[in-house]
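The structure appears below as C-alpha cells.
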Amino acid sequence: LLPFMNSKKYKSVLVTGATGFIGSYLIDELVKREVDVIASSRSSKKELSNNWSNEVNYIQADLNENREDWYYFFGKPDMLIHLSWEGLPNYKELFHLEQNLPSNYFFLKNMIKNGLKKVVVTGTCFEYGDQSGELREDFETRPNTPYALAKDCLRKILEQLQKKYDFDLKWIRIFYPYGKGQSPDSILSQLDTALERGDKIFRMSGGEQLRDYLPVEKVAEYIARISVQNKVNGIINCCSGEPMSIRRLVENYIDDKTIIELNLGHYPYLDYEPMAFWGDTKKLKKTLWLSRIP
C-alpha cells in the first residue's frame with residue numbers, strides 16, 4: 001500500500017460512528033495506511049470486537065451529551081471524519097429532523113469553535129431527491145424524506161458556519177454501499193437470511209431500478225483518500241458512476257450460492273426514489289488522483 005499524501009502530518013484523526021457499518025471499514029483503512037486514529041462511538045471498549053480495537057485510541061462517548069469543549073475532550077484532533085448518525089435506515093422518521101439534525105450540528109459547531117480546522121462529514125445521495133440520471137455535485141438538492149432533508153440542512157448550516165469560523169469542509173455524498181455488516185433491512189442481508197433458512201423463493205420488487213452500488217471496502221478507501229488530500233473541498237460524490245439494476249445485483253450475488261427463485265414484483269417500488277440514478281465521478285476521480293501525489 002502506498003501511504004497517503006501528507007498522512008503523517010495529521011497527528012490524529014477522529015472518527016465518530018466508529019463501530020457502524022462504514023466506520024469499522026474506514027478505521028481498518030486508516031490504520032493500514034499508518035494514520036493515527038481516535039475512534040469513538042457509544043460502545044464500551046470491552047464490547048469492541050474489531051480488528052483495529054488495539055490499534056487506535058478508542059474513546060467511548062455519547063455525542064448527544066452537553067459538553068463545554070468536545071475538541072479538548074477528544075485530544076484536539078487534526079481532523080474529524082464524522083460518520084455518526086442514529087436511526088438508519090428509517091429514512092422517513094421525523095427524529096432525523098427533530099433530534100439528529102440539532103444534536104449533530106451542535107456537536108460539530110462545538111468542535112469547530114474550539115479549534116477544529118479540518119471537517120469531513122458523510123452525506124447521502126438522497127439529498128438529490130427525485131432527480132433521475134447522472135447526478136453531479138453542483139445539482140440543486142431536492143430532499144424528499146426527513147433523513148435527506150436533515151442531512152441537506154446540516155450541510156447548508158455548516159457552510160454558513162464557515163462565514164464565522166475558519167475551517168475546511170468536505171461533504172462526502174455516499175450512494176449505495178454494500179458488504180458484510182450491512183443493515184439487516186438491506187436487500188442483500190435479507191437475501192442472506194433467506195438463503196440461510198433454505199428458502200426456495202426470494203420476494204423483492206421488480207428489480208429494474210438502476211442504482212449506484214459500491215463495495216463498502218471501496219467506500220472506506222474513498223472516504224479516507226478524500227479526507228487526507230487538501231486540494232478539493234466541498235461536496236464530493238462517493239460512488240462508482242456505473243448504474244446497475246437491483247435485479248442484476250441480486251442475481252450476481254447468488255451466482256455461486258444455493259439456487260433460489262426470485263419472485264419479482266412482489267413488493268412495490270419505493271415512493272421516495274426515482275427509477276434510475278447514479279453519481280457523476282469526475283470530481284471524485286480528481287480527488288483520488290490528488291490523494292496519491294507525494
Side-chain angles (χ1 to χ4, degrees), residues 1-40 50-52 55-57 77-85 108 111 116-125 127 134-138 151 155 158 167-182 212-242 278-294:
L1 290 172
L2 293 175
F4 287 125
M5 176 187 68
N6 296 328
S7 63
K8 288 295 186 181
K9 84 175 191 176
Y10 296 108
K11 296 179 181 177
S12 58
V13 175
L14 169 63
V15 178
T16 60
T19 55
F21 173 46
I22 295 175
S24 296
Y25 288 90
L26 174 60
I27 293 177
D28 272 337
E29 185 71 25
L30 293 171
V31 167
K32 72 184 181 183
R33 302 276 182 167
E34 301 182 350
V35 176
D36 294 326
V37 177
I38 303 168
S40 182
N50 306 80
N51 295 331
W52 46 257
E55 303 293 329
V56 306
N57 177 14
D78 295 299
M79 179 193 298
L80 165 64
I81 304 178
H82 185 60
L83 306 178
S84 180
W85 195 273
L108 290 167
M111 290 284 291
L116 180 67
K117 297 296 184 184
K118 303 287 184 182
V119 181
V120 182
V121 183
T122 50
T124 171
C125 62
E127 295 168 56
E134 187 176 63
L135 305 175
R136 293 200 319 266
E137 291 90 344
D138 59 356
K151 282 286 190 177
R155 174 185 57 82
L158 291 175
F167 67 97
D168 291 336
L169 174 63
K170 297 179 178 70
W171 185 270
I172 303 177
R173 281 198 182 130
I174 298 175
F175 277 65
Y176 283 79
Y178 66 92
K180 185 178 179 181
Q182 196 170 10
D212 193 322
Y213 296 101
L214 200 61
V216 65
E217 295 88 351
K218 187 61 67 173
V219 171
E221 177 195 336
Y222 287 176
I223 292 174
R225 292 175 62 184
I226 290 168
S227 299
V228 299
Q229 58 79 38
N230 295 314
K231 300 294 185 182
V232 181
N233 291 312
I235 303 165
I236 302 169
N237 286 337
C238 184
C239 58
S240 70
E242 300 177 359
W278 57 95
D280 178 274
T281 59
K282 293 184 184 67
K283 190 172 182 181
L284 172 66
K285 288 178 179 177
K286 176 183 178 182
T287 307
L288 296 178
W289 181 78
L290 288 169
S291 75
R292 300 183 70 89
I293 298 177

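Treat the numbers as computed from the prediction; the structure is a model and nothing was measured. Along the sequence shown, the residues carry numbers beginning at 1.
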Note to self: Is there a side-chain contact (heavy atoms from CB on, under 4.5 Å) between T122 and K151? Walk through the geometry before answering.
What the structure shows: CA-CA 9 Å; T122 50; K151 282 286 190 177; 4.2 Å; yes
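- For the pair S84 and G17, the tightest heavy-atom approach, listed with the atom from each and the gap, is CB-N, 3.8 Å.
- At least one side-chain heavy atom of R155 sits less than 4.5 Å from a side-chain heavy atom of E127.
- Closest non-hydrogen pair, A39 versus W52, comes out as CB-CZ3, 4.0 Å.
- At a threshold of 4.5 Å between non-hydrogen side-chain atoms, the residues Y176 and C125 count as touching.
- The minimum heavy-atom distance between I174 and I22, with the atom names listed, is CD1-CD1, 3.7 Å.
- Residues meeting the salt bridge (Lys or Arg N to Asp or Glu O under 4.0 Å) test with K283, sequence neighbours left out: none.
- Using a 4.5 Å cut-off on side-chain heavy atoms (C-beta onward), Q182 and V216 make no contact.
- Each of N233, D168, D78 was checked for a side chain to side chain donor-acceptor pair (under 3.5 Å) with K118, and the lone residue meeting it is D168.
- A heavy-atom distance below 4.5 Å is not found between the side chains of K231 and W289.
- If you take CG on D36 and CG on L30, they are separated by 10.5 Å, rounding to the nearest 0.5 Å.
- Atom CG of residue L158 and atom CZ of residue F167 lie 5.5 Å apart, to the nearest 0.5 angstrom.
- Minimum heavy-atom separation, A18 to I27: CB-CD1, 3.3 Å.
- A donor-acceptor pair shorter than 3.5 Å can be found between the side chains of S240 and D212.
- Here the straight-line distance linking atom CG of L80 with atom CG of L14 works out to 5.0 Å at 0.5 Å rounding.
- Rounded to the nearest 0.5 Å, atoms CG (L284) and CZ (R173) are 13.5 Å apart.
- Separation of atoms OH (Y222) and CD1 (I236) is listed at 13.0 Å; rounding is to 0.5 Å.
- When side chains are defined from C-beta on, V232 does not count as touching K170, because their heavy atoms never get closer than 4.5 Å.
- Within the 4.5 Å cutoff, the side chain of P215 has heavy atoms near those of the Y178 side chain.
- For NZ of K117, the number of neighbouring non-hydrogen atoms (other residues, nucleotides, ligands) closer than 6.0 Å is greater than 12.
- E137 and D280 get closest at one heavy-atom pair: OE2-O, 4.1 Å.
- Side-chain contact check for I226 versus V120: every heavy-atom pair is 4.5 Å or farther apart.
- With values rounded to the nearest 0.5 angstrom, E221 atom CD is found 8.0 Å from S291 atom OG.
- Listed here is the closest heavy atom pair of T281 and C239: CG2-SG, 3.7 Å.
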